[in-house]
**Q** 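Mind having a look at this structure? Questions to follow.
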Amino acid sequence: MTGRIAPIRLLGATVMLTIVGAVLLPWEIQLQKSGREAGFRTVALDLSLREQIGQSGFLAALSGFRSPVAAFLWIKSHIAWENTEWGRMAALFETVTTLQPHTRLYWDIAAWHMAWNASMAAEQDKNQQSEVLRQRTSSQYIDLGQDILERGIRNNPKDYYLYERLGILLRDRRKDHAGAAEAFTKAASFSDAPAYVKRFAAYEMAQVPGREREAYDRLKALYVEGEKQRLPTLLKLLGQMEEKLRIPEGERVKPRQPAVINQSHR
Amino acid sequence: MKAPIFSTARVMAIGRNTFTELVRQKVFYFLLLFALIMIGSSSFLAKISFQGEFQMLKDVALGAMSVFLCLLAILATAMLLPRDLEERTIFTILSKPVPRYEYLLGKLLGVVMMLALSTVVMGMLFLAVLLMREQVVLADTHRSLAGSPQELAAAIAEVKRSAFTWDLIPGMAILLVKSVLLASLTLFISTFATSGIFAILVAACAYFIGHLQVTAREYWLSGIGMHWWTRLFTALIALIFPDLQAFNLTDDIVAGVHLPMDVFWQTVALGGAYASVYYALACFLFQNREL
C-alpha cells in the first residue's frame with residue numbers, strides 16, 4: 001500500500017480518539033451498570049478461571065465466546081461421565097458454572113451427577129474396602145451436589161426450579177424433610193412454579209416431627225383448593241395428620257379409618 | 001455545474017459496487033458455508049436432554065455467527081483500500097467529483113450490507129433449525145408424557161422456554177452492530193496502515209484489547225495502589241479502545257436472561273456512536289493522504 005500520512009495528523013487522530021473516549025466513558029459505565037442490573041456481564045473472568053480452562057479457552061472466553069466455551073466444556077464433562085471420571089467432572093462443572101452462571105441446566109445436571117451418580121458410584125466402589133470410607137466419599141459427593149445447587153440459587157435467585165431441585169436432593173439423598181419442606185416452600189412462592197411443588201412442600205412438612213399442625217394446615221389448604229389437588233398421597237397424609245392431631249370427627253376432611261401411609265410422594 | 005457536497009446516490013453506487021465485489025469473493029462463501037454448516041449441525045452436537053440440546057444449539061449457532069461476522073468484518077474491510085489501490089480503481093473513482101468521505105462511506109456501506117445479509121441468512125437458518133427441533137421435542141413430549149394435564153402443560157411450557165425466546169432476535173441484532181463497529185474500526189486502521197495484513201493484525205489486536213478494556217477501565221477508575229504511569233496506561237487503554245464486552249449480550253441471552261429494550265437500544269446507540277467516530281477519524285486521516 002502506498003501513501004503516507006503526516007505523523008501530526010496521526011497524533012491528532014489519537015488525541016481526538018482519546019477525547020471521544022472520555023466523552024463516551026460515562027455512557028459505557030452507565031450501560032455496564034444497567035446491563036448488570038438486568039443480569040448481563042455479571043461473570044468475573046479471573047486468573048483462577050485461567051488456570052481451569054487454559055490459555056486458549058480463557059482467551060476465547062474473554063473475546064466474547066464465553067457461552068460456546070462453556071458448551072464445549074459441557075460436552076467434555078459428558079465424555080468424563082462416560083468414563084466415570086467423577087473428579088474431572090466436578091472440576092469441569094465448576095468451570096462451566098463459572099462461565100455460565102445463569103444457565104440453570106448446568107447447575108441442575110451438575111448437582112444431579114454429583115449427588116446421585118457420583119455418590120452412588122462411591123457407595124458401590126469395589127476398590128474401596130472400607131465401608132466407612134465409601135460412605136464418607138458418597139456423603140461428600142452429596143455435599144458437593146447440594147453446594148452446586150445452593151450456588152446456583154445464589155446466582156439465579158428468581159428461578160423456582162433450582163429450589164425445587166434442592167428440595168428433591170434434600171428429600172431423596174439426605175432424608176432432611178425439614179430442609180426439603182423449606183426448599184419446596186420457597187420454590188412454590190414463585191408464580192411460575194408448577195402446582196405439585198406446593199404439594200411436595202406439604203408432604204415433606206408432614207414428615208417432620210413436631211410440625212404436624214403446620215403440615216395439617218397446608219394439606220387442608222390444598223384440599224380446599226379443589227379436586228385437582230386431592231391426590232391419593234395428599235388424602236392419606238391428611239388422614240394421618242388428623243389422627244395425630246386428634247381432629248374432632250366433625251371437622252375432619254377424611255373419615256376415620258386405619259391410615260396406611262404410602263411413602264410415594266406423587 | 002458544481003457537484004453537491006454530499007450525494008446519497010454516489011454513496012449508494014459505491015456501496016452497491018463494494019457489496020457486489022465482496023459477495024463475489026471466495027472467502028465470503030467459504031466462511032458463510034462454514035458458519036451455515038456449524039449452525040445446521042449444531043442440533044446434532046448434544047442430545048443430552050431436551051434442555052441441553054437447545055442450550056448447545058443456541059451456544060454453537062450464536063458462537064458461529066459471532067465468529068463469522070467478526071472475521072468477515074475485519075477481513076473484508078481491511079482489504080478494501082489496498083485492493084482498490086492495487087487495482088487502481090480508487091484513482092478512477094476519486095478523479096470524478098467524488099469526495100473522499102463519500103468514497104469511504106460507500107465502502108463502509110457495502111461492508112455493512114454484506115454483514116446484514118450474512119446476519120439475516122445465518123439468523124434465518126438458526127431459527128429454522130431451532131424451531132424444527134422444538135417441534136420434534138414437543139411432539140415427543142406429547143407422545144411420551146402420560147401424566148396429568150397440568151404436568152403435560154408444565155413440560156410443554158418448559159420445552160418452549162428452553163427453545164425460542166424473542167430475546168434471540170435483538171441478540172442477533174447486537175452481533176450485527178458489533179461487526180459494523182469492527183468494520184468501521186478496521187476502515188479507520190486501514191487509512192493509515194501500510195498493508196492489508198497490517199490492518200488485519202492491528203484490528204485483531206484492537207478486538208482483543210477492546211474485550212479487556214473494561215478491566216483496564218475498572219482498574220484505572222479504582223485508582224488503588226497505582227503508579228502514575230500505570231494509571232496513565234490504563235486510562236489510555238480505557239479511552240482509546242471501545243468496550244467490546246458491552247456487545248457480548250448473547251452469552252447471557254442464551255442462558256435465559258431477558259434483554260430489556262432500553263439496554264438493547266443503548267447498546268445499539270453506543271455501537272452506532274463508535275462506528276460514526278471511527279468513520280469520521282478515517283475521513284480525517286484519508287483526506288490528506290497521498291495515494
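Below, chains carry the letters A, B, ... as their sequence lines are ordered, and counting in each starts from 1.
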**Q** If we define contacts as heavy-atom pairs under 4.5 Å, which of Leu221(B), Thr215(B), Val263(B), Val257(B) has the most with chain A?
**A**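 The candidate making the most pairs under 4.5 Å is Val257(B).
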
**Q** Within 45 degrees of the ring normal and closer than 6.0 Å to the centroid, is that where the cationic atom of Arg230(A) sits relative to Tyr223(A)?
**A**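 Pair Arg230(A)/Tyr223(A) counts as cation-pi.
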
**Q** Can you tell me which portion of Glu86(B) sits under 4.5 Å from chain A's heavy atoms? Options are side chain, backbone, both or neither.
**A**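 For Glu86(B), there is no contact with chain A at all, as no heavy atom is under 4.5 Å.
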
**Q** Can you tell which part of Tyr106(A) gets under 4.5 Å to a heavy atom of chain B, answering side chain, backbone, both or neither?
**A** side chain

**Q** I'd like to check the salt bridge (charged side-chain N to carboxylate O under 4.0 Å, His left out) partners of Asp252(B); sequence neighbours left out, ordered by chain and number.
**A** Arg66(A)

**Q** Let me know if Phe284(B) has heavy atoms under 4.5 Å from chain A in its side chain, its backbone, both or neither.
**A** both

**Q** Between the main-chain N or O of Glu85(A) and the side-chain N or O of Asn83(A), is there a donor-acceptor pair closer than 3.5 Å?
**A**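 Checked: no pair found.
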
**Q** For the rings on Tyr101(B) and Phe286(B), is their centre-to-centre separation under 6.0 Å?
**A** no

**Q** Considering heavy atoms only, which positions within residues 9-24 of chain A lie below 4.5 Å of chain B?
**A**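 The residues closer than 4.5 Å to chain B, in numerical order, are Arg9(A), Leu10(A), Gly12(A), Ala13(A), Thr14(A), Met16(A), Leu17(A), Thr18(A), Val20(A), Gly21(A), Ala22(A), Leu24(A).
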
**Q** Identify which part of Leu212(B) has an atom lying under 4.5 Å from any heavy atom of chain A, answering side chain, backbone, both or neither.
**A** side chain

**Q** Is there a donor-acceptor contact under 3.5 Å from the side chain of Arg165(A) to the main chain of Asp108(A)?
**A** no

**Q** Let me know if Ala269(B) has heavy atoms under 4.5 Å from chain A in its side chain, its backbone, both or neither.
**A** both

**Q** Please identify, among Thr267(B), Ile253(B), Leu270(B), the residue contributing the most non-hydrogen atom pairs under 4.5 Å to chain A.
**A**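 When all of Thr267(B), Ile253(B), Leu270(B) are compared, Leu270(B) has the most.
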
**Q** Using the ring of each side chain (for Trp, its six-membered ring), is His78(A) parallel, tilted or perpendicular to Trp74(A), with breaks at 30° and 60°?
**A**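 Ring orientation, 0 to 90° scale: perpendicular.
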
**Q** Let me know if Val67(B) has heavy atoms under 4.5 Å from chain A in its side chain, its backbone, both or neither.
**A** both

**Q** Taking every non-hydrogen pair under 4.5 Å, which of Val254(B), Leu249(B), Asp262(B) racks up the most with chain A?
**A**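 The candidate making the most pairs under 4.5 Å is Leu249(B).
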
**Q** Please say whether more than 12 non-hydrogen atoms of neighbouring residues, nucleotides or ligands are located less than 6.0 Å from CD1 in Ile197(B).
**A** no

**Q** Which region of Asp59(B), side chain (C-beta onward) or backbone (N, CA, C, O), has a non-hydrogen atom less than 4.5 Å from a non-hydrogen atom of chain A, or is it both or neither?
**A**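 Both the backbone and the side chain of Asp59(B) come within 4.5 Å of chain A.
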
**Q** Between chain A and each of Ala246(B), Gly256(B), Gly63(B), count heavy-atom pairs under 4.5 Å; write down the option with the most.
**A** Ala246(B)

**Q** Quick check for you: among Phe247(B), Phe188(B), Tyr274(B), which has the greatest number of heavy-atom pairs under 4.5 Å with chain A?
**A**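 So the answer, after comparing Phe247(B), Phe188(B), Tyr274(B), is Tyr274(B).
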
**Q** I need the Leu168(B) CG to Leu62(B) CG distance, nearest 0.5 Å.
**A**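 Reported to 0.5 Å precision, the distance equals 6.0 Å.
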
**Q** Step by step, would you call Leu92(A) with Met89(A) a side chain to side chain contact (heavy atoms under 4.5 Å, CB included)?
**A** CA-CA 5 Å; Leu92(A) 283 165; Met89(A) 276 175 80; 5.7 Å; no

**Q** Are Phe190(A) and Tyr160(A) near enough that their ring centres are under 6.0 Å apart?
**A** no

**Q** According to salt bridge (charged side-chain N to carboxylate O under 4.0 Å, His left out), who are the partners of Arg217(B), at least two apart in sequence or on a separate chain?
**A** Glu28(A), Asp243(B)

**Q** Between Ser184(B) and Leu181(B), is there a donor-acceptor pair closer than 3.5 Å when you use the side chain of the first and the backbone of the second?
**A** no

**Q** Classify the ring geometry between His113(A) and Phe93(A) as parallel (under 30°), tilted (30 to 60°) or perpendicular (over 60°).
**A**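 Judged by the thresholds at 30° and 60°, the geometry between His113(A) and Phe93(A) is parallel.
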
**Q** Look only at the side chain of Asn156(A) and the backbone of Pro101(A), and say whether a donor-acceptor pair between them is shorter than 3.5 Å.
**A**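 Checked: pair present.
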
**Q** Determine which residues belonging to residues 171-179 of chain B lie within contact range of chain A, meaning some heavy atom pair is under 4.5 Å apart, and list them by number or answer 'none'.
**A**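 Contacts with chain A: Lys178(B).
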
**Q** Does any N or O in the side chain of Thr84(A) come within less than 3.5 Å of the main-chain N or O of Trp81(A), such that one atom is a donor and the other an acceptor?
**A**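 It does not hold such a pair.
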
